[in-house]
Protein chains: 2
Amino acid sequence: MTKRSEQKQEARARILDAGAAHVRGDGLDGAGIAAIMRDAGLTHGTFYAHFTDKADLAEASFRHALTRGRAAWTRGEDQSWRGRLARLARRYLTPKHRDHREEGCAFAALGADAARAPAEFRRAFGEELQRSIDAVCAAPEDGPVPERRRDDAILLLSLCVGGMTLARGVGDRALSDRILRVCRSAMARETGPLLSSGGNDNDQ
Amino acid sequence: MTKRSEQKQEARARILDAGAAHVRGDGLDGAGIAAIMRDAGLTHGTFYAHFTDKADLAEASFRHALTRGRAAWTRGEDQSWRGRLARLARRYLTPKHRDHREEGCAFAALGADAARAPAEFRRAFGEELQRSIDAVCAAPEDGPVPERRRDDAILLLSLCVGGMTLARGVGDRALSDRILRVCRSAMARETGPLLSSGGNDNDQ
DNA sequence: CGACTCGTATGATGATCATCATGCGAAATT
DNA sequence: AATTTCGCATGATGATCATCATACGAGTCG
């Protein structure tokens with residue numbers, strides 16, 4: 001590994017860090033190359049020595065953010081499957097996470113953008129989502145994962161992303177906090193139903 | 001009502017329709033004024049006779065889309081509260097809705113954009129979300145709405161928006177369909193738990 | 001019918017931004 | 001040590017786009 005190539009790799013890493021933050025903070029299109037390169041400590045023109053395209057950087061930044069995120073995510077021990085899901089929801093659906101999207105979950109930060117992105121980015125989105133589903137499922141014992149657990153993981157991620165998306169969009173702090181709380185406690189009910197109310201029409 | 005003013009109001013309505021479609025399809029920033037006005041059958045310069053700003057149009061289009069959407073949404077009879085929630089989820093989380101975001105739910109289409117939008121837009125987002133929560137809760141008998149129902153409505157909307165967001169971002173059709181199915185059937189379980197697996201560690 | 005009002009059309013203007021051509025200087029190679 | 005390589009900086013170029021100034025022409029009102 002020559003000194004030149006490792007300097008370049010360090011620069012690339014800085015660009016990826018800055019890109020991941022900008023993309024999550026400002027959106028796939030909102031992030032300008034000049035601003036990202038400035039944050040990486042380089043000038044704008046150099047960008048094309050590292051990436052072919054803005055789309056290239058967007059995808060790489062997205063994957064970078066999620067790979068980093070999952071590492072911190074999967075840490076921690078759980079008593080039970082349900083307990084694991086509840087813990088993940090508790091750690092995900094926090095006001096702190098809501099208020100710092102530039103360092104948070106890229107699915108929640110870029111979900112709507114992905115829908116409008118070209119097919120190549122959406123392929124990356126799907127692959128990363130699969131990896132995250134697997135990461136949620138990964139039990140200590142590491143047997144084959146039953147499909148019903150995968151379904152639970154999908155449900156967890158959907159609820160987390162949806163709750164975070166709504167909580168972030170809302171201006172009213174009280175409503176935003178309430179959304180987070182409702183979603184957290186729904187996943188925390190170890191044996192109870194999804195919904196808090198009973199089944200009859202006139203429950204209080 | 002003079003002929004002039006009703007012509008202008010018609011034009012404004014066309015702009016709002018086009019704006020609502022473009023904003024949901026291309027995002028808050030992705031939608032260009034020229035394209036919207038072209039779709040409304042007018043030229044770009046005329047825009048400023050109807051709206052002060054692009055942000056002004058964005059907010060108005062967002063509200064327009066949701067007001068229209070709720071009307072179609074609230075229709076239909078339900079046997080029970082749980083049944084109502086299940087029905088709404090079943091109608092929301094469809095492949096058709098996923099594949100036509102320009103005429104679908106504005107929360108799912110613009111959730112990530114709202115987080116980056118100025119405070120004024122996020123206030124609108126919060127107000128509209130409150131209205132949608134109320135619309136979900138509105139029972140035929142129209143008594144005072146218990147707070148636990150509001151929580152259920154928040155949960156429903158979070159799961160719907162999150163599931164739709166992920167389903168739209170994913171390139172892989174099979175995974176996308178599965179996300180929709182999992183979220184639908186979670187809300188359909190009238191009495192069962194949120195999660196499909198049992199509570200012990202070694203369930204299959 | 002004539003004057004004026006106002007909704008719309010046309011055509012700038014200026015800003016932002018992705019992309020690329022060119023050049024420099026330090027590191028690598030012989 | 002001379003030459004080549006290559007990572008980075010600088011400065012265009014061209015495209016896109018919001019915004020606005022100006023002009024036209026049909027509707028309105030005296």
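Because the structure is predicted, anything quoted here is derived from the model rather than measured. Worth knowing before you read on, the calculation uses all heavy atoms, side chains too, and leaves out hydrogens, waters and symmetry mates. Note on naming: letters A, B, ... go to the chains in the order of the sequence lines (proteins, then strands), and numbering restarts at 1 for each one.
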Does a side-chain N or O from Y48(B) land closer than 4.0 Å to OP1 or OP2 of dC20(D), or not? no
Which whole-number value in Å describes the distance from [X] [atom1] to [N] [atom2]?
{"X": "L42(B)", "N": "dG7(C)", "atom1": "CG", "atom2": "P", "result": "12 Å"}
{"X": "R38(B)", "N": "dC17(D)", "atom1": "CZ", "atom2": "C1'", "result": "12 Å"}
{"X": "D56(A)", "N": "dT19(C)", "atom1": "CG", "atom2": "P", "result": "10 Å"}
{"X": "K8(A)", "N": "dT5(D)", "atom1": "NZ", "atom2": "P", "result": "15 Å"}
{"X": "Q7(B)", "N": "dT28(D)", "atom1": "CD", "atom2": "C1'", "result": "13 Å"}
{"X": "M37(B)", "N": "dT19(D)", "atom1": "CE", "atom2": "P", "result": "13 Å"}
{"X": "F47(A)", "N": "dG7(D)", "atom1": "CZ", "atom2": "P", "result": "15 Å"}
{"X": "Q9(A)", "N": "dC8(D)", "atom1": "CD", "atom2": "P", "result": "12 Å"}

If you compare all heavy atoms of [X] against all heavy atoms of [Y], which two are closest, and at what distance to 0.1 Å?
{"X": "L28(B)", "Y": "A58(B)", "result": "CD2-CB, 3.8 Å"}
{"X": "H64(A)", "Y": "D17(A)", "result": "NE2-OD1, 2.8 Å"}
{"X": "C183(A)", "Y": "L93(A)", "result": "CB-CD1, 3.6 Å"}

Proximal nucleotide (of [options]) relative to the [X] side chain:
{"X": "K54(A)", "options": "dA18(C), dT19(D), dC8(D)", "result": "dA18(C)"}
{"X": "T43(B)", "options": "dA9(D), dT10(C), dT19(C)", "result": "dT10(C)"}
{"X": "T2(A)", "options": "dT28(D), dA28(C), dA9(D)", "result": "dA28(C)"}
{"X": "H50(A)", "options": "dC8(D), dC20(D), dC20(C)", "result": "dC8(D)"}
{"X": "T46(B)", "options": "dT8(C), dT19(D), dC8(D)", "result": "dT8(C)"}

Heavy atoms under 4.0 Å, any strand shown: does A49(A) hit a base, just sugar-phosphate, or nothing?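 Answer is nothing: A49(A) stays at 4.0 Å or more from every strand.
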What's H44(B) touching, base or sugar-phosphate or nothing? Going by heavy atoms closer than 4.0 Å.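 The answer is base, as H44(B) lies within the cut-off (heavy atoms under 4.0 Å) of a base atom.
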Hey, could you give me the SG/CG distance between C160(A) and L166(B), rounded to the nearest 0.5 Å? 10.0 Å
With no hydrogens and no angle check, is any side-chain donor or acceptor of R150(A) less than 3.5 Å from a backbone partner on I133(A)?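 No, the answer is negative, given that no donor and acceptor are paired below the 3.5 Å cut-off.
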Could you tell me whether R63(B) and E127(B) have a side-chain N and a carboxylate O separated by less than 4.0 Å?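 Salt bridge present between R63(B) and E127(B).
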State whether D151(A) and R178(B) are salt-bridged, where the test is any N-O pair (Lys NZ or Arg NE/NH1/NH2 against Asp/Glu carboxylate O) under 4.0 Å. yes
Counting only heavy atoms and a strict 4.0 angstrom limit, can you tell me which residues of residues 10-35 of chain A come near DNA chain D? A11(A)
